[in-house]
Every structure is written in structure tokens, then in C-alpha cells.
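Worksheet: one structure, shown below.
Residues: numbered from 1 along the sequence shown. Keep in mind that what you see is a predicted model, and the values were worked out from it rather than measured.
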Amino acid sequence: MDLTTRLLLGVTAFAVLAFISSVYGGCAGDPDCHFHVCGHRFCGVVYDHPENRPTP
């Protein structure tokens, strides 16, 4: 593997990790955001607006 290939793989890995951490890391600090689980699998992130929540 030459230097250019290693550089492109490193840049791609960094971009993917940065995207995942920005989406899921940003959700961790937001009280309206939660993770959605479909059965036994993780499906994604769901943003629940306060007006859609049932009142206690």
C-alpha cells in the first residue's frame, strides 16, 4: 500500500468517525433526542419535540 492510499484511507476513516460522533454526540446533550431501538437492533436517532410528548 503506498502513501497516497494510506492517506486517503486515514482521511476517510477520520471523516466517518467525525460524522458519527457529531450526530450521536450531539444527541447525548439534547434532552429531546433519544436513540431508537427496533427489536434487538439499534435503528437510529429520534428527535422528539416537546409538544409531541404526553403530559404527565
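Note: D2 CG to T5 OG1 = 3.5 Å, rounded to the nearest 0.5 Å.
By the 4.5 Å heavy-atom criterion applied to side chains, L7 and T4 are not counted as neighbours.
Minimum heavy-atom separation, M1 to R6: O-NE, 3.8 Å.
Note: the hydrophobic cluster containing F14 does not contain L17 (ILVMFWY, side chain heavy atoms under 4.5 Å, direct or indirect links).
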